[in-house]
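Notes to accompany the following structure.
In what follows, every heavy atom counts, from backbone to side chain, and hydrogens, waters and symmetry copies are set aside. From a predicted model like this one, the values you see are computed outputs, not experimental measurements. Whatever order the structure lists ligands and atoms in, that order sets their numbers, starting from 1.
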Amino acid sequence: MDGERWTLDVSTVILHDKLFTPGPVEVSEKTMAAFSRPMIGHRGEAFKTLYRSIHPQLQELFGTKQPVFLSTSSAWGVMEAAIRNLVRQRVLCCMCGAFSDKWIEVARRCGKEAEPLQAGWGEAIDHKALDRQLATGKFDAVALIHNETSTGVMNPLPEICCTMAKYPDVALIVDSVSSFSAVPIPMDASLIDVLLTGSQKALALPPGFALFSVSEKAFARAAQTTGRGYYFDFLEFKKQQEGDMTPTTPSIGHIYALQSKLEEIFAEGLTNRYARHARTNALVHDWVRERGFDFFAAEGHRALSLTCVKNNRGIDVAKLVRDLREKHHLVIDGGYGKLKGQTFRVSNMGDETEETVSHLLGCLDDCLLAQGVP
Ligand SMILES: *Cc1c(COP(=O)(O)O)cnc(C)c1O
């Protein structure tokens with residue numbers, strides 16, 4: 001160090017347990033190095049250049065011509081924001097697992113009327129049931145989680161969006177926290193009004209940051225909705241983005257990490273990235289079938305970025321998770337909430353490859369053998 005300048009020592013290898021949990025997921029050394037870059041002011045030219053440089057790539061990832069916003073909050077911040085900006089009358093919450101079940105509570109705590117469209121855990125949202133609810137004319141917004149991360153269900157977005165197209169006055173809010181960039185989600189073509197994602201899952205960035213985009217229809221709606229607050233006011237985000245800035249001081253480290261990640265994503269190519277996730281997911285699926293396990297998610301509705309395995313063989317899931325960590329320094333999830341012990345979840349989000357996923361599956365076999373499970 002010469003007093004004025006410093007460089008980050010990235011040569012130190014930090015021994016740690018590698019995360020194969022469906023969030024947060026493993027963050028690469030390269031991303032961490034970008035995350036740790038020296039700070040810049042968020043009202044200066046360097047910041048504007050940074051935001052401007054990543055914006056076209058973000059629009060491409062979102063499949064939108066609309067502005068893409070950077071929120072220094074976790075995903076729930078933007079989920080709550082979408083409710084506060086768009087719901088005037090009543091929101092229909094599509095619920096089929098721990099994350100989506102929570103959305104109705106969030107809406108009610110924001111002082112909005114909300115009703116459930118409940119599917120069983122492991123099932124997907126039925127677009128015909130959605131149609132019946134919307135036909136009542138009671139709702140002005142629908143909240144949907146694309147990938148229900150707790151159950152490993154990917155909801156059928158094309159069918160749901162087709163149904164939504166019949167109700168142009170109803171806004172569609174979509175959480176894609178664990179599917180964004182792992183599968184294509186074309187926001188404009190799907191007529192999605194708010195598409196949001198968090199940093200720590202499919203994007204493999206450190207937690208604490210979110211990205212979202214808002215349709216013209218949703219901006220118009222927000223303009224007529226009171227109680228938007230300030231921190232999450234969509235119109236404030238829009239105004240600031242026009243000057244390549246954020247409403248408040250953002251997490252600069254996250255934006256550098258995002259810039260680095262976007263470089264990687266576009267160097268790999270979107271089609272290749274989607275194909276890689278499909279392949280690594282298929283490896284996990286093959287393993288599940290070959291070992292005699294079942295899937296928790298209904299057939300035809302299984303996520304491509306994580307797998308929720310049903311413990312139909314009665315193994316000791318807590319021991320499996322513990323052994324995997326202690327012997328192999330790898331971490332999977334032992335079941336979310338009420339599914340603890342009855343399921344375990346494995347992520348193939350982010351940077352995972354056939355090689356790393358195969359390694360994980362081999363280590364799982366090793367731990368199962370130690371339990372006497374052939
Ligand atoms: C993890 C997750 C969230 C919650 O994200 P936070 O970062 O905790 O706000 C929301 N939705 C889905 C689908 C998730 O998987």
Problem - Location of contacts on E148 toward ligand 1, heavy atoms closer than 4.0 Å - result: neither
Exercise for the section: Return the residue, atom name and 0.1 Å-rounded distance of the protein heavy atom closest to atom 5 (O) of ligand 1. Expected result: A75 CB, 3.7 Å
Practice task
Go through the side-chain N and O atoms of E148 and H301 and say whether any donor and acceptor fall under 3.5 Å apart.
Solution key: no
Completion exercise
Ranked by distance from atom 10 (C) of ligand 1, the top protein heavy atom is D175 OD2, 3.3 Å
Fill in the blank from the handout: Of all protein heavy atoms, the one nearest atom 8 (O) of ligand 1 is W76 CD1, 3.8 Å
Practice task
Check whether the ring centres of F232 and F212 lie less than 6.0 Å apart, and answer yes or no.
Solution key: no
Exercise for the section: Would you check whether I145 has a nitrogen or oxygen atom less than 3.5 angstrom from a nitrogen or oxygen atom of ligand 1? Expected result: no
Practice task
For the residue pair Q118 and D101, confirm or rule out a side-chain donor-acceptor distance under 3.5 Å.
Solution key: yes
Practice task
Indicate whether any N or O donor in one side chain lies under 3.5 Å from an N or O acceptor in the other, for H329 and D17.
Solution key: yes
Practice task
Could you check atom 7 (O) of ligand 1 against the protein and tell me its nearest heavy-atom contact, residue, atom and distance included?
Solution key: Q200 NE2, 2.8 Å
Handout entry: Shortest protein heavy-atom distance from atom 15 (O) of ligand 1, along with the residue and atom involved
Key = T149 OG1, 2.5 Å
Exercise for the section: May I ask you to check if ligand 1 and S74 share an N or O to N or O distance below 3.5 Å? Expected result: yes
Fill in the blank from the handout: Logged contact type for K201 with ligand 1, heavy-atom cut-off 4.0 Å, is side chain
Handout entry: Test: D286 and R289 ion pair at under 4.0 Å
Key = yes
Practice task
Please name the pair of heavy atoms, one in R108 and one in P116, separated by the smallest distance, quoted to 0.1 Å.
Solution key: NH2-CD, 4.5 Å
Exercise for the section: Could you tell me which atoms of ligand 1, counted from 1 in the order shown, lie closer than 4.0 angstrom to a heavy atom of N147? Expected result: 13 (C)
Handout entry: Ion pair check, K18 and E352, cut-off under 4.0 Å
Key = yes
